Amino acid sequence: MKAEHVHDDLSNVLFTKEQIAQKVRELAQQIDRDYHGRDVLLVGVLKGAVMVMADLMRELEGQYPMDWMAVSSYGSGTKSSGVVRILKDLDTDLHGKDVLIVEDVIDSGLTLSWLRTNLESRGPASVEICTLLRKPDAAKTDIDVRYVGWDIPNEFVVGYGLDFAEQYRNLDCIATLAPHVYE
Ligand SMILES: O=P(O)(O)OC[C@H]1O[C@H](OP(=O)(O)OP(=O)(O)O)[C@H](O)[C@@H]1O
Ligand code: HPA
Ligand SMILES: [Mg+2]
C-alpha cells in the first residue's frame with residue numbers, strides 16, 4: 001500500500017520505500033562483515049519485524065537461519081504496557097549460537113531489554129540487536145544496540161511492518177500518524 005491510499009491518516013512520511021531499501025542494504029553489509037563464518041541465528045520479533053527481516057534476509061550474502069518469537073507489549077494502543085508476554089517461542093536451541101535479534105523499532109526499550117535477558121539465559125555465544133528504528137527520547141531503559149537504521153523523534157510511526165491497532169502494516173513507507181487517527 002502506498003502513502004497516497006491513506007493520505008488523510010498520515011501527517012508526515014519519514015522514510016520512503018527507496019530510502020528503507022537502501023538502509024536495509026547497508027545493515028546487511030555490516031552484518032555480513034561482522035558475522036562471516038559464525039554460527040548465527042536471526043531472531044525476528046513478530047509481527048512488526050516481518051518486513052525488515054524479509055528484506056534483510058534477501059540482502060545478506062551469507063547463510064542465515066532464522067526463527068521467530070511473538071511477544072506483545074502494546075496491544076491495540078500507542079503506549080507500551082511494560083508487561084511483555086511470549087505469544088510464540090523459538091523452535092531453535094540457542095546453545096553456542098550467535099543470536100541477532102531483528103526488530104522494527106525500539107521505543108521505550110522495554111520489549112528488547114526483556115527479550116535480550118530472556119535469550120541470554122538460554123546459553124547462546126552472544127546476543128546482539130539490529131533495529132531499523134530507535135527513539136532515543138522515549139528510552140526507559142538503556143540497551144546496547146549493535147545495528148540501528150535510524151534514530152527518530154518520539155512520535156508514533158506506522159508502515160513497513162509497524163502498526164496502529166493492526167492497521168498500516170502494509171504501507172510501503174514509514175510515516176507519522178495524524179493525531180485524529182488515535183486521539
Ligand atoms: O521498545 P518498546 O516500547 O517495548 O516497543 C517496541 C516493540 O513494540 C512493538 O511491538 P508490539 O508489541 O506492538 O507488537 P507487534 O510487533 O505485533 O506490533 C515493536 O514491534 C517492538 O517489538
Ligand atoms: O511508533 C510505533 N509505531 C508502531 N508500533 C510501535 N511499537 C512501539 N513503538 C511503535
Ligand atoms: Mg504493534
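Not measured: the values here are computed from a predicted model. Remember, it's 1-based here, ligands and their atoms both numbered in the order they're listed. One is the number of the first residue; the rest follow in order along the sequence. Worth knowing before you read on, the calculation uses all heavy atoms, side chains too, and leaves out hydrogens, waters and symmetry mates.
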statement: Residues at least two apart in sequence or cross-chain that pass side chain to side chain donor-acceptor pair (under 3.5 Å) with R58, listed by chain then number, are D55
task: Measuring from the Mg ion (ligand 3), name the closest N, O or S atom belonging to D163.
output: OD1
message: Would you say D9 and Y182 are linked by a side-chain donor-acceptor pair, where the criterion is simply a distance under 3.5 Å?
response: no
Test item: L132 and V105 side chains (from C-beta on) under 4.5 Å apart, heavy atoms: no
message: Whether the Q22 and E26 side chains hold a donor-acceptor pair (N or O, under 3.5 Å, no angle test) is what I'd like checked.
response: yes
task: Any pair with a residue in residues 7-57 that passes ring-ring contact (aromatic ring centres under 6.0 Å, His included), sequence neighbours left out, goes on the list, sorted by first then second residue, please.
output: F15-W150
task: For the residue pair I31 and Y147, establish whether any side-chain heavy-atom pair is separated by less than 4.5 Å.
output: yes
message: Need the ligand 1 atom indices (1-based, order shown) with element for anything under 4.0 Å from a heavy-atom of V105.
response: 6 (C), 19 (C), 21 (C)
query: Counting both backbone and side chain atoms, is some N or O of G48 under 3.5 Å from an N or O of ligand 1?
result: yes
query: Any side-chain heavy-atom pair from R169 and D163 closer than 4.5 angstrom?
result: yes
task: Before signing off on this row, confirm whether E166 and ligand 1 have an N or O atom pair separated by under 3.5 Å.
output: no
- prompt: Are Q30 and R33 linked by a side-chain donor-acceptor pair shorter than 3.5 Å?
  reply: no
- prompt: Can you find a pair of side-chain heavy atoms, one from D172 and one from I20, that are under 4.5 Å apart?
  reply: no
query: Which atoms of ligand 1 have any heavy atom of E103 under 4.0 Å away?
result: 20 (O), 21 (C), 22 (O)
- prompt: Can you list the atoms of ligand 2 that are under 4.0 Å from a heavy atom of K135?
  reply: 1 (O), 2 (C), 9 (N)
message: Could you check whether any side-chain heavy atom of I101 comes within less than 4.5 Å of a side-chain heavy atom of V127, counting everything from C-beta outward?
response: yes
- request: Provide the number and element of each atom of ligand 1 under 4.0 Å from a heavy atom of L110.
  value: 1 (O), 4 (O)
query: Which atoms of ligand 2 have any heavy atom of D163 under 4.0 Å away?
result: 4 (C), 5 (N)
message: For V157, state whether at least one heavy atom is located under 4.0 Å from any atom of ligand 2.
response: yes
field: the Mg ion (ligand 3) to nearest N/O/S of E166 less than 2.8 Å
entry: no
- request: Please determine if G109 has a nitrogen or oxygen closer than 3.5 Å to a nitrogen or oxygen of ligand 1.
  value: yes
statement: The atoms of ligand 1 lying under 4.0 Å from a heavy atom of S108, numbered in the order shown, are 1 (O), 2 (P), 3 (O), 4 (O)
query: Under 4.0 Å from ligand 1, counting heavy atoms only, is it the side chain of D104, its backbone, both or neither?
result: side chain
- request: Would you indicate whether the side-chain heavy atoms of T176 and L14 approach each other to under 4.5 Å?
  value: yes
query: Touching ligand 1 at all, R169? Heavy atoms, strictly under 4.0 Å?
result: yes
- request: Heavy-atom contacts with I106 under 4.0 Å: which atoms of ligand 1 show up? List them by number with element.
  value: 1 (O)
Ligand-side contact atoms (ligand 1) for residue partner L46, heavy atom cut-off under 4.0 Å: 16 (O), 17 (O)
query: Do any heavy atoms of D163 fall under 4.0 Å from ligand 1?
result: yes
